[in-house]
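Have a look at the structure below before the remarks.
Atoms within each ligand, like the ligands themselves, are counted from 1 in listed order. Note that this is a predicted model, so its numbers are computed, not measured.
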Amino acid sequence: MPTTGLLTLRRLSGIITESLDTIEQVYTHAKMPLPSLDAPFDPADPAEAVRQDPVVMTAILNIMAATSQMSATLCNPVAAVVNTSMAFHISSCLRAASELDVADILREVGPEGLHVKDIAAPSNADPGLLARVLRLLATHNIFREVTPDVFANNRLSSVLDSKAKPPGVLVERRGERLIGTSGVAAAVEFFSDDIFKSSAWLTDTLLEQKDGVLPFNKAFGTEEPVFVYMQREENTYRRLRLGIGMQGMSQTEAPDVIFTGFDWGALSAGSTLADIGGGHGHLAMSIAQKHPNLRIVIQDFERTLDGAKILWKNSFPTHIESGMVEFQAHDFFDPQPLKNAAVFMLRFILHDWSDARCVDILQNLRDAAQPSTQLVIIERIIPFATGRPRRPPLLPNWGVGMAAFYLYDFDVHTILGGVERTLGGFNNILRRAHWKLDCVYHCVGSELSHIVGVPA
Ligand SMILES: C[S@@+](CC[C@H](N)C(=O)[O-])C[C@H]1O[C@@H](n2cnc3c(N)ncnc32)[C@H](O)[C@@H]1O
């Protein structure tokens, strides 16, 4: 007679087998092989699109949740918790590998790999230490140690490859190394540098609460809010990295996911889409490339807009030449100057701020809105970790399968005092700023939802 613990493990094992069967059926039907962990990731490979099939995505979530629950049940609990307390070394090593451009260097050599002495040479890094960095990462399936001290890219490590410039250029002109890249390395370096350093102070600020003092302020020895600090001349590289990193975060999702929610095509020709706190305006650019008759206004701080101008000049110059995009320096806590917007779009803005500050932002937009203006908020809607599991005995929120929701919650807390919200949380701030929640699109293939508001 199996014990309850074993019964649970058997049920988890059943979920894994059933989910694998589902994945196999979908790939077989599509006549595509499942991409290998040993080969570099190629977003253009049609087999990658199969992973976006909702049936496959659910099966993957089931497997991620079930395998981590199995490990947690079976492993030495003391070792598991102690190891987790050292997980920050993975972030440190990831940043080191990214900043030393290891994935770019390994691109050319293919599956044979390269000895760590040659990987370390362009940056003059200590090969012995770099081997230990890469070995820790390889142990977590990022890079592959082919033979002792010889490393190759694999599916996970290859996403750090800028694919933009040869490695020599990356080392010699560090200030420019992220320009023109997919932004994934920029995102990884922002998280494992700015956010990681801030996060180390979480407990200190919990134990000794002071108004306006966030983990970020302790870590960087400044009283300024992060976005003010980022505008300083000496923080040009950090600011550029954040802007490019925001673009990189889009790579965690299917390329066309922005078109699976709000219907941008329903806006009439010549309508103005205002990207509020738009950063480099990469998302507005994707929308305008598909709907070039839309007029785009990107609002952000002047210095952040410098990065936007580089991106648009390089990637979509015709919209600049035709005067269909405007880069407007504007602080969203000031009255909104744009009175004719069809849409105010806010992506990754409200989660940066407290409820009171969000109400100020939304009220400024409401004061400038026409009766027909729509508000499109693009963010994660955070699920509670309780409730009835969709697949018992899995955790109700799919555990590690949904980890990003709870990780980003701490990103925004540690540097900004922000918070990821439930749908009720969004409804509350909208109501207080005299907007009415009109509808919500949960985009297929995306963790982000489009929350649409109209003037109340
Ligand atoms: C998390 S980023 C999101 C950028 C962009 N919406 C995206 O999704 O990639 C937040 C943006 O808000 C901008 N921002 C912060 N405070 C602002 C303010 N008071 N007025 C205008 N923009 C601001 C930052 O410069 C940054 O570009």
Side-chain angles (χ1 to χ4, degrees), residues 178 182-184 186-187 190-191 194-195 198 214 216 224-232 235-236 238-253 257-258 261-262 273-288 296-312 315 327-338 343-354 356-365 368 375-380 407-420 443 446-451:
L178 297 168
S182 71
V184 177
F190 166 67
F191 289 126
D194 298 355
I195 303 267
S198 303
L214 293 167
F216 162 78
E224 287 174 340
V226 67
F227 285 126
V228 175
Y229 178 82
M230 287 276 191
Q231 295 304 312
R232 285 197 209 167
N235 291 329
T236 298
R238 284 187 194 281
R239 185 174 62 248
L240 192 68
R241 179 171 73 179
L242 172 62
I244 298 173
M246 283 293 133
Q247 189 185 334
M249 282 161 61
S250 302
Q251 312 286 318
T252 61
E253 308 208 298
V257 95
I258 186 64
F262 183 80
L273 164 61
D275 192 356
I276 308 296
H280 292 187
H282 61 94
L283 193 70
M285 190 166 76
S286 302
I287 298 169
I296 307 292
V297 178
I298 302 166
Q299 291 184 342
D300 208 297
F301 293 119
E302 184 110 46
R303 287 189 157 158
T304 301
L305 292 175
D306 290 344
K309 288 172 195 162
I310 296 174
L311 176 72
W312 282 70
S315 308
F327 306 94
Q328 194 174 65
H330 173 65
D331 183 329
F332 47 52
F333 290 110
D334 291 338
Q336 173 57 240
L338 200 66
V343 171
F344 289 125
M345 175 171 84
L346 296 97
R347 178 177 179 266
F348 291 153
I349 298 299
L350 299 179
H351 74 171
D352 288 347
W353 303 99
S354 67
R357 300 289 272 164
C358 286
V359 172
D360 291 342
I361 297 170
L362 294 173
Q363 187 64 61
N364 282 330
L365 298 176
L375 184 70
V376 181
I377 299 166
I378 307 181
E379 297 229 4
R380 291 182 177 78
L407 292 171
Y408 284 115
D409 192 32
F410 277 92
D411 289 339
V412 292
H413 168 72
T414 50
I415 65 165
L416 284 146
V419 58
E420 298 288 352
C443 305
S446 172
E447 288 182 351
L448 301 180
S449 300
H450 296 181
I451 302 159

Practice prompt. Sort out the contact shell of ligand 1: every protein residue with a heavy-atom distance below 4.0 Å, listed by chain and number.
Written response: F227, M246, G277, G278, G279, H282, D300, F301, T304, H330, D331, F332, F333, R347, F348, I349, D352, W353

Worksheet entry | Closest non-hydrogen atom pair, S446 against V257 | CB-CG2, 3.4 Å

Output side-chain donor-acceptor pairs under 3.5 Å for residues 407-419, partner residues at least two apart or in another chain, one line each.
| from | atom 1 | to | atom 2 | distance (Å) |
| --- | --- | --- | --- | --- |
| D409 | OD1 | E420 | N | 2.9 |
| T414 | OG1 | F410 | O | 2.8 |
| T414 | OG1 | D411 | O | 3.2 |

Worksheet item: Among all residues two or more places apart in sequence or in another chain, which pass the salt bridge (Lys or Arg N to Asp or Glu O under 4.0 Å) test with R239?
Response: none

Response to the item:
Sorted by chain and number, sequence neighbours left out, side chain to side chain donor-acceptor pair (under 3.5 Å) with E302 holds for none

Worksheet item: Are T252 and E447 linked by a side-chain donor-acceptor pair shorter than 3.5 Å?
Response: no

Worksheet item: Going by heavy atoms in the side chains, are R347 and I377 under 4.5 Å from each other?
Response: no

